[in-house]
Number of protein chains: 4
Amino acid sequence: MEHRPGRPRRADVDAAVRAATVRLVREQGYAGTTLDQIARAAAVAKTTVYRRWDSKAELVLDALVEVLGEPPLPTHGDELRDTVGWLAGRISDPAAHGLLVGLVGEAVGNPSVRTALRHRIRQPFEDRLVAAWDADPTAVDLAFDVVVGSLLHHAALSGGIDPATVDAVTDAALRLLAPAG
Amino acid sequence: MEHRPGRPRRADVDAAVRAATVRLVREQGYAGTTLDQIARAAAVAKTTVYRRWDSKAELVLDALVEVLGEPPLPTHGDELRDTVGWLAGRISDPAAHGLLVGLVGEAVGNPSVRTALRHRIRQPFEDRLVAAWDADPTAVDLAFDVVVGSLLHHAALSGGIDPATVDAVTDAALRLLAPAG
Amino acid sequence: MEHRPGRPRRADVDAAVRAATVRLVREQGYAGTTLDQIARAAAVAKTTVYRRWDSKAELVLDALVEVLGEPPLPTHGDELRDTVGWLAGRISDPAAHGLLVGLVGEAVGNPSVRTALRHRIRQPFEDRLVAAWDADPTAVDLAFDVVVGSLLHHAALSGGIDPATVDAVTDAALRLLAPAG
Amino acid sequence: MEHRPGRPRRADVDAAVRAATVRLVREQGYAGTTLDQIARAAAVAKTTVYRRWDSKAELVLDALVEVLGEPPLPTHGDELRDTVGWLAGRISDPAAHGLLVGLVGEAVGNPSVRTALRHRIRQPFEDRLVAAWDADPTAVDLAFDVVVGSLLHHAALSGGIDPATVDAVTDAALRLLAPAG
DNA sequence: TCCTAACCGAGACGGTACGTCTTGTCTTGTT
DNA sequence: AACAAGACAAGACGTACCGTCTCGGTTAGGA
């Protein structure tokens, strides 16, 4: 068991801040949410937030990673559809697309956010598909962008995502992955 | 010919401001671009900008509408693919998706932007498709979201859009419009 | 009459901000007074304060200069004592020494404040004495420091300055200026 | 010899912290010096500093008391001038007036600092003069303020104190103590 | 040898001020 | 009226500092 010197960080702060971030960004949008608001909602000082995350973008990205969770490990009998459908389902969670829309906007003109988005969100999904079904990475990237982009845009313009839309988008993405099928 | 009293508006201001908006937002992103910067780049006072547009969001939206242009009127021999492909081609213009990404982010938690985006961008496209091919409005909405959302997300994460991606996304959207085909 | 372009500055702001500064610094000390407090007390935005003064130190210095006023022009029959006594009287004003104490503390390790204090407070006084009575500049500097320093320190430690102290200090300073007398 | 239970305090810490305080405050001023800086310069944890002194003001005051030292006991043949001159000499030490200027500024709006300054700096000096020459306490207070205040102010504005100034100020203070002389 | 009590280093934490920035409004004189 | 110029209100940003706290680990005397 390793111990770093100094007072240990409060264990419950990360979760509280992330939860406040998710709630407030969903309600007010990325730009409309203040770090003071987040800190106040999490019952924490603003300095504490800045000690753990370098910027608002990092915090929101981190909250998003946690909200999405990890793509499930494929088990016997699983098909490609299960993993793609899992992604579509996660994005249709208001918590997820509420955070993601703001980050995508921030990615323009902020290369570090762009890189982080690619590495921490898209990459794990791609890795799983490539490992399990030997899928073409380029096709997977495009499928990811279709699933996430379509649903994000749909949510932003229409206000929500219904199951039928999730299915339709999932089908469209699957066709891109198995053109012969 | 109607004349309102007082000094007439300068005819070249609108174009100059829109051009400055397009350039700066593409380079720096929506949030990273200041109205002072835009006014300075257009060699115009900030008051002049606010006299013509109510807010930054309105200005950017207006610039976007001009950059996109109108969907072409279908002529003899045209197929559905021509119109959907036109949309994909327009979105792949960096000027277009640069502006749009920021606006979509702004639409969350800003209902008026959401409404404007729906009415001034998506609606004209839908009207044309419904008029010419009697398409199902709901399917058209989804196809629009797939085309625009996928390409937007792809541009934001990958930094650009190549023709192959445009084609693949166009195909995917067309399948949603003609499920039987 | 000269007119600069743009909206003219509100004429009453300078006085209101200076008045708020004088009052708050006297009550709470230099370090204990916030620029937000000053702005709020003057019913003005903080940006407006920073547009007119570069820093808290500049603002307080400016308020001090106004509180002190100009040394009187010597008239027929005036003696050295009138001018030195005027200085002592001005410093004994709580508004004056309240501001000055903080500035002197700031002058250590802030050369620009030190220079400003010398040029805007001590210099005018010295100039007057040298012009009217051909006094020795070095002696005047010392006399100034005795009057101001003694009263400042007395006020800081004892909480106020009574007329007898003012007289005693004035006498002491005069002896430094007329050693033969 | 008394022993309190528990680990005894390190014997060298007080001196190291005071030395660091003197050096840093002289160089950067009172407000410009951080307790973290002091702790780092003394190679000590901030907690250790706060265990021994209640606040920054207390620490600086304590360092000042040590720097000044005790007024000398009057011996046979000593005159008033020796004691007053001793005070002037001590204040002209840059270490002394560097600390004192900041404390005097802090004393405004911080009554406990004011009281401490009076009791720990001025009082011992006054006691000595009253005991040895039966001086008038009020006159001694004023003489103290003249010596300390004048030299402090002179150092703050002129950057240093030369021996001639020390003499002149000492003379001025002595005249206040022996009006008949 | 264990126990107790206080010390120390390291650093997290709450609270608050700083000076800067941006949005959208307002107020001048000029065209 | 429109326009240029710029002041203004409101409020968020990210940094810095003070004084407190909470750990693990240390160092003495006493049981």
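Reminder, nothing fancy here: chain letters follow the sequence lines and each chain counts from 1. Atom set for the values below is all heavy atoms of this structure, side chains included, hydrogens, waters and symmetry mates excluded.
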Looking only at dC13(E), dA9(F), dG14(F), the nucleotide nearest the Ala45(C) side chain is dA9(F)

How long is the line joining CD of Gln37(A) and P of dA12(F), in whole Å?
7 Å

To the nearest Å, how far apart are Trp53(A) CH2 and dC13(F) C1'?
18 Å

Contact class for Arg52(C) (heavy atom, under 4.0 Å): base, sugar-phosphate, or nothing?
sugar-phosphate

Does a distance-only test, which skips hydrogens and angles, find a donor-acceptor pair under 3.5 Å between the side chain of Lys46(A) and the base of dG14(F)?
yes

Heavy-atom closest pair (Arg51(D) atom, Arg9(D) atom, distance to 0.1 Å) is O-NH2, 3.5 Å

Look at all strands and tell whether Arg51(A) reaches a base, only sugar-phosphate, or nothing, counting heavy atoms closer than 4.0 Å.
base

Would the distance check show the side chain of Thr33(B) and the main-chain N or O of Leu24(B) forming a donor-acceptor pair, the cut-off being under 3.5 Å?
yes

Atom CG of Asn110(D) to atom C1' of dC18(F): distance rounded to whole Å?
13 Å

Between Thr34(D) and Pro5(A), which has a closest nucleotide on DNA chain F that is more 5'?
Thr34(D)

State whether the side chain of Lys56(A) and the backbone N or O of Tyr30(A) hold a donor-acceptor pair below 3.5 Å, judged by distance alone.
yes

Ignoring backbone atoms, test whether Lys56(C) places a side-chain nitrogen or oxygen under 4.0 Å from the OP1 or OP2 oxygen of dC18(E).
yes

Taking atom P of dA12(F) as reference, at what distance in whole Å does atom CD1 of Ile38(A) sit?
12 Å

Quick check against the 3.5 Å criterion: does Thr21(B) have a side-chain atom that pairs as donor or acceptor with the backbone of Val17(B)?
yes

So, OP1 or OP2 of dG29(E): does either fall under 4.0 Å of a side-chain N or O from Arg7(C)?
no

Please report, rounded to the nearest Å, how far the C1' atom of dG9(E) is from the CZ atom of Arg10(D).
10 Å

Between Thr48(D) and Ser55(C), who's closer to the 5' end of DNA chain E by nearest nucleotide?
Thr48(D)

Roughly how many Å is it from OH in Tyr50(D) to P in dG9(E), rounded to a whole number?
16 Å

Closest to the Val44(C) side chain: dA28(F), dA9(F), dG24(E)?
dA9(F)

On the side chain of Thr47(B), is there an atom forming a donor-acceptor pair with the base of dA5(F) - under 3.5 Å, no angle test?
yes

Side-chain (Thr48(C)) to main-chain (Val44(C)) donor-acceptor, under 3.5 angstrom
no

Is Ala11(A) touching bases, backbone alone, or none of the nucleic acid, heavy atoms closer than 4.0 Å?
nothing

Which part of the nucleic acid, if any, lies within contact of Asp36(A), taking any heavy atom under 4.0 Å across all strands shown: a base, the sugar-phosphate backbone alone, or nothing?
sugar-phosphate

Send over the distance from Leu59(C) CG to dG19(E) P, rounded to a whole Å.
11 Å

For Val67(C) and Ala95(C), the nearest pair of non-hydrogen atoms, with its separation, is CG1-CB, 4.1 Å

Given atom CG of Leu35(B) and atom C1' of dT22(E), what is their separation to the nearest angstrom?
9 Å

Pairwise 5' ranking along DNA chain E for Tyr30(B) and Ala43(A), keeping only the more 5' one
Ala43(A)

